[in-house]
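The next block holds one structure in the form of structure tokens; read it before the comments.
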Amino acid sequence: MGMSLGRVAAIGIVVVGASATLAALLSSSPGYAATAVDTAPPPSLPIQLNRLNGVVSVVEATIDRTWQTYDDRLGPRTHISLTELVVLAGTTPLSNEFSQLGGDLPDGRRVSISELPSFSAGARYIIFFPRQASMYVTVWGEMAFRVEDVGNKSIVLNPDGLPLESFSLTSATVGQTPLLHGLRERSLPPGSETFDMTVALNDPSVKTALSHDEFISQALVALQIAGAPLGEKMNLEPPSGARWDTATAQPQQ
């Protein structure tokens with residue numbers, strides 16, 4: 001079977017060297033358009049309501065470490081371990097570890113999903129957890145925000161490394177200058193992003209960006225309006241019995 005570089009449109013899965021069979025199989029999951037990654041993000045980014053109204057827990061934590069494994073059923077997975085975890089709202093996770101689809105296959109090919117967050121060891125994040133992880137997703141990329149200190153101000157970055165200026169039920173307003181190096185560079189493994197303090201100190205949008213506490217306040221208001229079931233039971237494990245390489249492993253809302 002011939003090998004090629006294939007982007008799977010189902011949820012933005014990219015399989016480097018993916019077979020046509022695998023690409024077709026993964027693309028069968030309906031309703032999940034790939035994120036455009038080759039154009040500059042707009043100043044106001046839409047937020048999907050179904051991501052907010054399923055949130056049961058909001059935590060702030062430091063990424064202790066990340067590592068990869070491969071399992072015949074679960075596929076290539078990236079594992080994330082949290083430390084210094086603080087629950088900001090809702091349920092306390094039963095574990096400080098979770099995983100998401102993505103990583104190297106035994107034959108050297110790499111599977112990645114553009115809609116999933118890239119976590120950097122040692123960095124701090126505010127993470128919005130849903131009720132139930134799917135085979136692919138534990139946390140959607142737009143629901144994980146990196147926290148950085150610039151001078152005497154803590155700011156919050158979206159997955160594109162842009163400082164947040166507002167956060168509401170329907171959209172997030174962001175600055176124009178990415179403050180992270182290494183985003184979407186295929187030569188670098190996920191989690192290699194580094195914060196550019198020099199650029200941040202000279203970026204006017206940092207002055208107008210939300211502070212850490214302002215972001216949390218606006219996010220909690222948005223969750224309340226969305227009717228998020230904060231405090232309900234949560235499960236960070238992939239569904240039992242499902243396989244990563246079959247069409248039954250559809251992402252859950």
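Just so it is clear, the values below take in all heavy atoms, side chains as well, and ignore hydrogens, waters and symmetry mates.
- For Lys207, the NZ atom is loosely surrounded, since the number of other residues' heavy atoms within 6.0 Å does not exceed 12.
- Contact of the Leu105 side chain with the Tyr70 side chain is registered, since non-hydrogen atoms from C-beta on lie closer than 4.5 Å.
- Between Leu210 atom CG and Phe167 atom CZ the span is 10.0 Å, to the nearest 0.5 Å.
- Rounding to the nearest 0.5 Å gives a distance of 3.0 Å between CD of Glu60 and NE2 of His212.
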For residues 195-205, tabulate all N or O donor-acceptor pairs below 3.5 Å that involve a side-chain atom, not counting sequence neighbours.
from: Asp196; atom 1: OD1; to: Thr198; atom 2: N; distance (Å): 3.2
from: Asp196; atom 1: OD1; to: Val199; atom 2: N; distance (Å): 3.0
from: Asp196; atom 1: OD2; to: His181; atom 2: NE2; distance (Å): 2.6
from: Asn202; atom 1: ND2; to: Thr198; atom 2: O; distance (Å): 2.8
from: Asp203; atom 1: OD1; to: Ser205; atom 2: N; distance (Å): 3.2
from: Asp203; atom 1: OD1; to: Ser205; atom 2: OG; distance (Å): 3.1
from: Asp203; atom 1: OD2; to: Ser205; atom 2: OG; distance (Å): 2.6

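- Nearest heavy-atom pair across Glu142 and Pro159 is CA-CG, 3.9 Å.
- From Arg77, atom CZ reaches atom OG1 of Thr138 across 6.5 Å, with rounding to the nearest 0.5 Å.
- Considering Asp149, Val86, Thr83, Leu82 in turn, Val86 is the only one that fulfils the side chain to side chain contact (heavy atoms under 4.5 Å, CB included) rule with Arg124.
- The two residues Pro117 and Val139 have their closest heavy-atom pair at CD-O, 3.0 Å.
- The two residues Ala133 and Pro239 make their nearest non-hydrogen contact at O-CD, 3.7 Å.
- Across Ala172 and Leu164, no two heavy atoms sit closer than the pair CB-CD2, 3.6 Å.
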Determine whether Val59 and Val87 satisfy the following criterion, side chain to side chain contact (heavy atoms under 4.5 Å, CB included), listing intermediate values before the conclusion. CA-CA 4 Å; Val59 308; Val87 177; 4.3 Å; yes

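- Residues Leu169 and Ala222 come closest through the heavy atom pair CD1-O, 3.7 Å.
- Atoms OG and CD1, from Ser57 and Ile127 in turn, are 9.5 Å apart once rounded to the nearest 0.5 Å.
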Taking it one step at a time, do Phe128 and Trp140 satisfy side chain to side chain contact (heavy atoms under 4.5 Å, CB included)? CA-CA 8 Å; Phe128 295 66; Trp140 289 102; over 6 Å; no

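- More than 12 heavy-atom neighbours from other residues, nucleotides or ligands sit within 6.0 angstrom of CD on Glu97.
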Before you tell me yes or no, could you show the steps for Asp64 and Glu84 under side chain to side chain contact (heavy atoms under 4.5 Å, CB included), namely the whole-Å CA-CA distance, both residues' side-chain angles and the distance that decides it to 0.1 Å? CA-CA 9 Å; Asp64 182 31; Glu84 301 174 348; over 6 Å; no

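- Using the six-membered ring where Trp is involved, Trp67 and His79 have ring planes that are parallel, under 30° apart on the 30 and 60° scheme.
- Counting heavy atoms from C-beta outward, Val56 and Pro229 have side chains that approach closer than 4.5 Å.
- Panel note: side chain Arg243, backbone Gly75; no donor-acceptor pair is recorded below 3.5 Å.
- Closest of all the heavy-atom pairs between Gln132 and Glu237 is NE2-O, 2.9 Å.
- Remark: of the listed residues Val55, Leu236, Thr91, Asn235, Leu236 is the sole one forming a side chain to side chain contact (heavy atoms under 4.5 Å, CB included) with Phe129.
- Thr78 contributes a side-chain N or O that, together with a main-chain N or O of Gly102, makes up a donor-acceptor pair within less than 3.5 Å.
- Here Leu101 contributes atom CG and Tyr136 contributes atom OH; the two are 7.0 Å apart, rounded to the nearest 0.5 Å.
- Rounding to the nearest 0.5 Å gives a distance of 7.5 Å between CG of Leu74 and OG1 of Thr69.
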Would you check, one step at a time, whether the test side chain to side chain contact (heavy atoms under 4.5 Å, CB included) holds for Leu179 with Val150? CA-CA 11 Å; Leu179 302 181; Val150 182; 5.7 Å; no

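- Looking only at distances, no side-chain donor or acceptor of Arg65 sits under 3.5 Å from a matching main-chain atom of Ala121.
- Exactly one of Phe215, Phe119, Tyr125 qualifies for a ring pair (Phe, Tyr, Trp, His ring centres under 6.0 Å) with Phe145. That residue is Phe215.
- Side-chain contact between Met143 and Pro130 is absent, with no heavy-atom pair separated by less than 4.5 Å.
- No side-chain donor-acceptor contact under 3.5 Å links Gln100 to the backbone of Ile80.
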